[in-house]
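So that the names make sense, note that chain A is the first sequence line, chain B the second, and so on, each numbered from 1.
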2 protein chains.
Amino acid sequence: MPWFSTTPKHDVVRRICERIWLAVVQRSLRPGARLKEEDLAEIFGATRARVRQALTALEQDGLVSLTPNRGACIAEPGVEDAQDAFSARLCIEERLVLRLCRQAGPEDIAALRDHIARERAAHQDADSEAIIRLSGEFHMLIARLADAELLSKILRMLTIRTSLITAMYQTQATQTCGPDEHERIVAAIEARDEAAAAEAMRHHLAHLESALRLDEARPPVTALREALLPPR
Amino acid sequence: MPWFSTTPKHDVVRRICERIWLAVVQRSLRPGARLKEEDLAEIFGATRARVRQALTALEQDGLVSLTPNRGACIAEPGVEDAQDAFSARLCIEERLVLRLCRQAGPEDIAALRDHIARERAAHQDADSEAIIRLSGEFHMLIARLADAELLSKILRMLTIRTSLITAMYQTQATQTCGPDEHERIVAAIEARDEAAAAEAMRHHLAHLESALRLDEARPPVTALREALLPPR
DNA sequence: GTCAACGCGATTGTCGACAATTCTGATGCG
DNA sequence: CGCATCAGAATTGTCGACAATCGCGTTGAC
């Protein structure tokens with residue numbers, strides 16, 4: 001799971017990042033939640049310095065918001081941030097599938113199919129953690145196969161942001177992106193149909209975004225604090 | 001100069017980042033150059049911890065390459081990295097100008113024109129540092145005016161990368177992007193001509209990329225080391 | 001004479017303690 | 001009774017010293 005790998009320093013930092021990310025997407029850590037360094041250090045059996053590294057990395061990825069002298073919170077992206085994130089993903093991922101259409105080899109297709117198979121298995125088992133992981137990693141896999149290191153790096157940042165956004169704004173019907181839409185994308189890539197592939201990706205992302213309720217008044221947990229303490 | 005502003009912590013780190021960046025684009029620090037922490041600390045009158053923060057930030061931006069237990073070097077992006085970077089910029093900046101075409105107010109146009117005026121002044125004075133800074137900041141200004149925080153962040157990373165690439169691969173004719181092409185872009189935005197604006201931006205970036213010699217065998221300074229020490 | 005193994009110097013990585021800042025609750029004044 | 005002021009506690013930020021690691025020169029054996 002090369003999910004968090006800003007710098008493959010020591011795995012401790014990465015593990016902390018991943019654990020926090022997981023807690024966020026599973027909604028056990030809610031946006032606005034305070035992240036005390038010492039607590040985290042104790043929880044993960046690490047030193048505070050390590051925790052700090054993890055937090056700065058997570059801030060880079062947009063998962064936590066880091067205000068000087070006041071510590072770290074889980075970030076609270078607004079509606080605009082959400083739209084920006086999806087808009088950027090659209091831009092990037094469209095390009096990626098086009099690239100894959102041209103240069104994907106049989107082994108790439110096989111890798112994608114294999115991934116989808118694992119997604120299906122996870123759905124079968126109702127393994128929610130695996131579902132979340134795999135559905136995100138599918139997009140990262142596309143980036144890696146497209147042989148686009150830079151875009152891959154950018155996309156990682158964006159998927160992390162959108163996963164937070166999804167956790168934050170998703171409606172009750174907890175639908176992650178299912179394997180079927182992924183399948184459609186892969187099929188188009190295999191058929192070398194650039195238009196269809198781009199369209200499938202666009203549709204997939206639009207579907208993801210539409211599953212959120214971005215237009216309503218903010219329902220977040222921390223609305224109270226934000227509402228009552230405007231100066232902040 | 002909100003050039004380096006990953007986190008507005010203390011300005012010391014930012015100043016270090018900026019100084020190193022400047023040295024790179026001015027070609028006084030060459031790709032592959034070793035960056036010893038202690039030396040940097042002494043040079044900038046900072047502690048090693050601060051230097052370390054700066055280096056990790058610069059690694060995120062792709063300016064330095066940070067290998068565990070072996071320290072930091074100025075990064076040496078390959079030809080593929082260069083193409084990726086320009087490709088990504090194209091993707092992002094096209095979207096940005098389209099957005100600006102729709103939502104740019106008169107004050108935005110004025111800000112852009114003002115910026116170009118400063119570019120012209122810098123050219124007049126042959127102030128190479130100002131020229132480099134301003135020509136990069138023009139693109140960042142577009143991102144900021146387009147009110148796209150996320151894309152702005154991404155673009156910052158990309159401009160840093162491309163500035164390194166430019167310094168690395170530019171031909172003798174040391175041409176940075178001149179004010180005239182910027183002027184064309186602004187004119188198109190002002191006229192609300194989306195197609196023309198996108199085209200102007202595409203042309204501008206293509207021009208920038210074409211001014212490099214990416215197709216030849218690597219001429220870099222460190223070719224020797226790379227050639228003789230393949231295992232590394 | 002060549003190669004391998006070893007140890008030393010140099011450099012990075014890590015940690016714990018201290019300093020600075022902010023938040024909380026209480027106190028006193030208006 | 002409300003509000004500003006001010007300690008005390010809690011939390012983050014910073015630093016210097018120590019430990020781990022790596023590169024390199026030396027030494028020794030074959």
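In this structure, the CZ atom of A/R52 is 14 Å from the C1' atom of C/dG16, given to the nearest Å. Residue A/E37 contributes atom CD, which lies 17 Å from atom P of C/dT21 at whole-angstrom precision. Remark: C1' of C/dT12 and CG of B/L55 are 11 Å apart, rounded to the nearest angstrom. One atom, CD of A/E38, and another, C1' of C/dC15, lie 14 Å apart when rounded to the nearest Å. Summarising the geometry, the separation between CZ on B/R50 and P on C/dT12 is reported as 19 Å, rounded to the nearest angstrom. The separation between B/E42 atom CD and C/dT12 atom P is 14 Å, rounded to whole Å. Here the P atom of nucleotide D/dT12 and the CD atom of A/E59 are 14 Å apart, to the nearest Å.
For C/dG13, its base never sits under 3.5 Å from the side chain of B/R70 at any donor and acceptor pair. One can find a donor-acceptor pair under 3.5 Å joining the base of C/dG13 and the side-chain atoms of B/R48.
Phosphate proximity of C/dC15 to A/T47: present, with a side-chain N or O under 4.0 Å from OP1 or OP2. One finds no side-chain N or O of B/R34 lying less than 4.0 angstrom from the OP1 or OP2 phosphate oxygen of D/dG23.
Looking at heavy atoms from C-beta onward, A/L112 lies in side-chain contact with A/F138 at the 4.5 angstrom threshold.
Distances were taken from every side-chain heavy atom of A/Q53 (C-beta onward) to each of C/dT22, D/dC15, C/dT14; the shortest belongs to C/dT14. Closest contact between the side chain of B/A49 and the listed nucleotides D/dC15, C/dG13, C/dT11 involves D/dC15. With C/dT12, D/dT11, C/dC15 as the candidates, the nucleotide lying closest to the side chain of A/K36 is D/dT11.
Judged purely by atom type and a 3.5 angstrom limit, B/D81 uses its side chain to pair as donor or acceptor with the backbone of B/G78.
Scanning both residues, A/L96 and A/A148, for their nearest heavy atoms gives CD2-CB, 4.0 Å.
A ring-ring contact (aromatic ring centres under 6.0 Å, His included) with B/H182 is found for exactly one of B/H139, B/H207, B/H115, namely B/H139.
Between B/R156 and B/D61, at least one side-chain nitrogen of the basic residue sits less than 4.0 Å from a carboxylate oxygen of the acidic one, meeting the salt-bridge criterion.
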